[in-house]
Structure formats: C-alpha cells, structure tokens
Amino acid sequence: DPTLSARENAVRYFEKYNKQKRTFEATTDQLMQTQAEIEHLESISTFLDIARKEEDLAQIKEELTEYGYIKRHFSGGKKQKKIISRPFHYLSSDGFHIYVGKNNYQNEELTFKLASGNDWWFHAKGIPGSHVIVKSEGRELPDRVFEEAGALAAYYSKGRNQDKVEIDYIQRKNLKKVPGAAPGFVVYHTNYSLVASPGIPVGELE
C-alpha cells in the first residue's frame, strides 16, 4: 500500500500472515477430526456387514449412541436387560485358540484385555476390520496358524470380497492405543505382513 510507510506495510502483512496461519491451523485440526470420524463410521459400517445376531447389532447400536450418532431412548425408569455379544472363537488346525472381534468394543477388549504380550494380533492393512488374536500360550506358532489367522482377518474386514487382502500382524506387546481415539484404534510400527485370501479355514467354537 503506497499510502503507508514501510513499517506500517510490514505490520499489515504480519497481521495478515497471523490470521491466515490461525485459519490454517484450525482447518487442519477440523480436517483431522473429520478424517478420524469417517474412519470410525467406516469401521461401524464394516461391522454391520459382519453382524450375525441381534446381540451383535445391539452392541453396535450402543457404540453409535455413545458417540452421538443416534439418540438414547429412556425406558421410563425400567432397567433394560443388557444384551451380551461375544467375539467369534475359532480353533486352528494346530490347536491354537483364535478370537475375532465383531465390533470396535470387542476389538478393544480382545487386544488390550484378553491378549497377553506374546500373543499375536492380525488386522487387514489400511482398511476397517476385526482384530484377530491368536493365543500363543508361550508356544511358537506354526506357519499354518499365521495363514489361518490372516484369512480370518481378511474375511472379517472391508476387503472380504476381494481375492487377496494384505494383512499386518504383530505381537500384542508392540501395540499401543491411539490417545483420544474411538475404541479399537491402535498404532504400531514394526509389523510383519502377509497376503491372505478371505475365508474361514478353521472350525468355530461356541
């Protein structure tokens, strides 16, 4: 602005810079929050496809209610019966117990309560899906167990209709929760990978 001094122009540009910087920071935060919300909703959509029974849907409804996507309906003081949904439970060809989460709550519980440090965790890479836990019981897993757990992780994911799905797997002790994130969201760095065909190659237990 030729009507202003050099100093006044500098102050004007600095104020303009600060305003744009604040806008950029606010927009970046909103973008990150929106992306996290999209990922959360995509995971719930995937679990709706996985659900088999009424109790499976009830637990998904509870998550949608907790995060404000649907309104909670009060029953006029009557205590509602709690509907319990349990993870899928399989037995590998070599006798290892495998657990598969049906929703984000179960993923959280399997990974951070049921699994111990040396148990193995499987998940479809980069897409929503179930946490698959193999209880190692202090033993080394045969290659076939990794393949079977990988097939389950592929089947119980958004990629279940694909021919092949890339699967990340890692020991439970190398997983961490994402601070402030929805249940079942984890971070890890030194994982292994395999490619699996979606399917249920093992027997299901009650």
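Just so we're clear, the structure is a prediction, and the values are computed from it rather than from any experiment. Throughout, residue positions are numbered sequentially from 1 according to the sequence presented.
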Interatomic distance, [X] atom [atom1] to [Y] atom [atom2] [nearest 0.5 angstrom]:
| X | Y | atom1 | atom2 | value |
| --- | --- | --- | --- | --- |
| Asp56 | Gln106 | CG | CD | 7.0 Å |
| Ile167 | Asn191 | CD1 | CG | 11.5 Å |
| Leu64 | Asn103 | CG | CG | 10.5 Å |
| Phe88 | Ile50 | CZ | CD1 | 7.0 Å |
| Tyr192 | Leu194 | OH | CG | 12.5 Å |
| Glu109 | Asn104 | CD | CG | 13.0 Å |

In terms of hydrophobic clustering (I, L, V, M, F, W, Y; side-chain heavy atoms under 4.5 Å; direct or indirect links), are [X] and [Y] co-clustered?
| X | Y | value |
| --- | --- | --- |
| Val100 | Trp120 | yes |
| Phe47 | Tyr67 | yes |
| Phe146 | Ile200 | yes |
| Ile44 | Val178 | no |

- Message: For the residue pair Asn118 / Ser136, report whether a side-chain donor-acceptor contact shorter than 3.5 Å exists.
- Response: no
- Message: With side chain to side chain donor-acceptor pair (under 3.5 Å) as the criterion, how do Thr65 and Lys71 come out once you've worked through the C-alpha distance, each side chain's angles and the decisive distance to 0.1 Å?
- Response: CA-CA 6 Å; Thr65 303; Lys71 290 184 178 180; over 6 Å; no
I'd like to check the side-chain hydrogen bond (donor to acceptor under 3.5 Å, both in side chains) partners of [X]; sequence neighbours left out, ordered by chain and number.
| X | result |
| --- | --- |
| Thr23 | none |
| Tyr13 | none |
| Thr3 | Asp1 |

To check you understand the geometry: which heavy-atom pair defines the closest contact between [X] and [Y], and what is its length?
| X | Y | answer |
| --- | --- | --- |
| Ala51 | Leu57 | CB-CD2, 3.8 Å |
| Gly184 | His131 | O-NE2, 2.9 Å |
| Gly129 | His123 | O-NE2, 3.2 Å |

Kindly indicate whether the side chain of [X], heavy atoms from C-beta on, has any atom under 4.5 Å from the side chain of [Y].
| X | Y | result |
| --- | --- | --- |
| Val165 | Pro198 | yes |
| Glu63 | Tyr69 | no |
| Ile70 | Lys61 | yes |

My understanding is that a hydrophobic cluster links ILVMFWY residues whose side chain heavy atoms are under 4.5 Å apart, including indirect links. Using that, what else belongs to the cluster containing [X]?
| X | value |
| --- | --- |
| Tyr188 | Tyr99, Leu110, Phe112, Leu114, Trp121, Ile133, Ile170, Leu175, Val186 |
| Phe14 | Tyr17 |
| Leu91 | Leu205 |

Please list all pairs meeting salt bridge (Lys or Arg N to Asp or Glu O under 4.0 Å) that have one or both residues in [range], counting only residues at least two apart or in different chains.
| range | result |
| --- | --- |
| residues 138-152 | Asp94-Arg144, Glu137-Arg139 |
| residues 110-123 | Asp119-Lys135 |
| residues 9-37 | none |
| residues 168-183 | Glu108-Lys177, Lys125-Asp168 |

- Task: Name all residues meeting the salt bridge (charged side-chain N to carboxylate O under 4.0 Å, His left out) criterion together with Glu62; count only those two or more places apart in sequence or in a different chain, and write none if there are none.
- Result: Arg72
- Task: Specify whether Phe122 and Tyr169 have parallel, tilted or perpendicular ring planes, treating 30° as the upper limit for parallel and 60° as the lower limit for perpendicular.
- Result: parallel
- Query: Between Ser130 and Asn107, does a side-chain contact (heavy atoms from CB on, under 4.5 Å) hold up when you go through it step by step?
  - Reply: CA-CA 6 Å; Ser130 297; Asn107 280 350; 4.3 Å; yes
Distance-only check: which donor-acceptor pairs under 3.5 Å involve side-chain atoms of residues 152-159, not counting sequence neighbours?
residue	atom	partner	partner atom	Å
Tyr155	OH	Arg160	NH2	2.9
Tyr156	OH	Arg52	NH2	3.3
Tyr156	OH	Tyr90	OH	2.5
Ser157	OG	Ala154	O	2.7
Ser157	OG	Gly159	N	3.1

- Query: Checking His89 side chain against Glu204 main chain: does a donor-acceptor pair fall under 3.5 Å?
  - Reply: no
